[in-house]
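Every chain is numbered from 1, with letters handed out A, B, ... down the list of sequences.
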2 protein chains.
Amino acid sequence: MKRGQHHGALREALIDASLQLLDTEGVEAVTIRAVARRAGVSHAAPINHFPDLRALLTAVATRCFEHLLGAARAARDARSDAYGRLEAFVDAYIDYALAHPGRYRMMWRMDILDPEDPALDGLVEGLYGDVEEMVAALPQPTRRIDPTTVVIALSSLVHGYASMRIDRNFIPASDAITGQPRQHVMLKVALGLPID
Amino acid sequence: MKRGQHHGALREALIDASLQLLDTEGVEAVTIRAVARRAGVSHAAPINHFPDLRALLTAVATRCFEHLLGAARAARDARSDAYGRLEAFVDAYIDYALAHPGRYRMMWRMDILDPEDPALDGLVEGLYGDVEEMVAALPQPTRRIDPTTVVIALSSLVHGYASMRIDRNFIPASDAITGQPRQHVMLKVALGLPID
DNA sequence: ATTGCGATATAGACGGTGTCAATATGGCGA
DNA sequence: TCGCCATATTGACACCGTCTATATCGCAAT
């Protein structure tokens, strides 16, 4: 086990410092030098653990996706009916996005992340795979549609709604007619289910 | 009419230079200094027309929204049936996003733009208003849903699909079962229409 | 136990950035 | 024609990412 000199685990400390800056000041505040300052090391120390800023941000996004997926899967597994599992997964996803808007905004900034990174890519693929699984577990739909189209549609609905709640926070969270959370209405419509 | 000294219309020249950089090198290449260089003025000249980088980017995004809305509305108005107008609007929207990925990515980066800007905000509101109008013009739906929910859902579907086409370009553009463009399938499903 | 070496951290430098202050310059109205 | 005000320039400052050279720590082999 090779370890750094005065911390022992600088890599983790840098990711933690990045998360603090991300949560409090936004993604543009996450600079190599600011992260190094917060971790108490020199401005060039991070280069030993992350070759450049993109790699650091990718590691941070990877950790965020782990948290988000962990919370969503836990919520899903607390339910047993197929639709309830999808709904709980989506609710937990949106909760995470609203609780950590800075993180969520960064997680989909593929222009500043490394989309080729195997860890990050694996988590994103895992997310889509989860959605595909949950859709496949539903009572078979009346219409036959390419499963990829369904995954794209559901992912877009949830991501778009989360983004709007973050960036345009005056949007009411409930459907004015049904009184249900908007994401529930959108899910049922997209899946052709009764809104009740 | 007060005009600059050797250009006469530096403000427009700066926006044009920004668009060139945006199209060829991405949003991170749009810096005040690079834009000034391309416009042939000193690095501090833009400050007279835009108080800071955010203001410049907001003006560029505003121009892009004007182009996008212009194209989408023209496509819409070339059709007469209510659903065809919505479909043509959406198709033109996606065409613009795919033709100008750098612009499209920037247009929704509310963290680097000024969401309070009246011109930008007016165009975004205009976009949502157009969607709401087109939905209201459809034969009345079987289910009553908050119009705002419908606008959010349709906007999210279209934006999410455009973003995925840009950032994950391996996604096939057509639904594998129906053979229709994915956005058409998603629209029909979201509106409860037959897929034919 | 000492030595040596590789991994890790530091200090310094370079060119780039946004933004500010001071200065220069141009055109237009009085 | 003169003067003024909007506009452009120059220069400076702090911060950024990244590179190079140097120093230091800790483990392992002697």
Compare the minimum distances between each of [options] and the side chain of [X], then state the nucleotide with the smallest one.
{"X": "A:Ala44", "options": "C:dA11, D:dT7, C:dT19", "answer": "C:dA11"}
{"X": "B:Val41", "options": "C:dT8, D:dT9, D:dC16", "answer": "D:dT9"}
{"X": "A:His43", "options": "D:dG17, D:dT7, C:dA13", "answer": "C:dA13"}
{"X": "B:Leu53", "options": "D:dC16, C:dA11, C:dT19", "answer": "C:dT19"}

- Message: Is a donor from one side chain sitting under 3.5 angstrom from an acceptor on the other, for A:Thr58 and A:Asp117?
- Response: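 Side chains of A:Thr58 and A:Asp117: no pair found under 3.5 Å.
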- Sort out for me which residue in B:Trp108, B:Tyr96, B:Tyr128 forms a ring-ring contact (aromatic ring centres under 6.0 Å, His included) with B:Phe65. B:Trp108
- Using modelled atom types only, decide if a donor and an acceptor are shared between the side chain of B:Asn48 and the backbone of B:Ala45 within a distance under 3.5 Å.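 Yes: the side chain of B:Asn48 pairs with the backbone of B:Ala45.
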- Report which part of the nucleic acid A:Ser42 touches: base, sugar-phosphate, or nothing (heavy-atom distance under 4.0 Å, all strands). base
- Query: Using a cut-off of 4.0 Å on non-hydrogen atoms, how would the nucleic acid contact of A:Arg54 be classed: base, sugar-phosphate, or nothing?
  - Reply: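 The residue A:Arg54 makes no contact with any strand.
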- Message: Which heavy atom of A:Ile195 sits nearest to which heavy atom of B:Ile145, and what is that distance?
- Response: CD1-CD1, 3.6 Å
- Considering just the side-chain nitrogens and oxygens of A:Arg37, establish if one lies under 4.0 Å of OP1 or OP2 belonging to D:dC16.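 Yes, A:Arg37 has a side-chain N/O under 4.0 Å of OP1/OP2 on D:dC16.
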- Query: Does the side chain of A:Arg33 get closer than 4.0 angstrom to OP1 or OP2 of C:dT17 through an N or O atom?
  - Reply: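 Indeed not, no polar side-chain atom of A:Arg33 lies that close.
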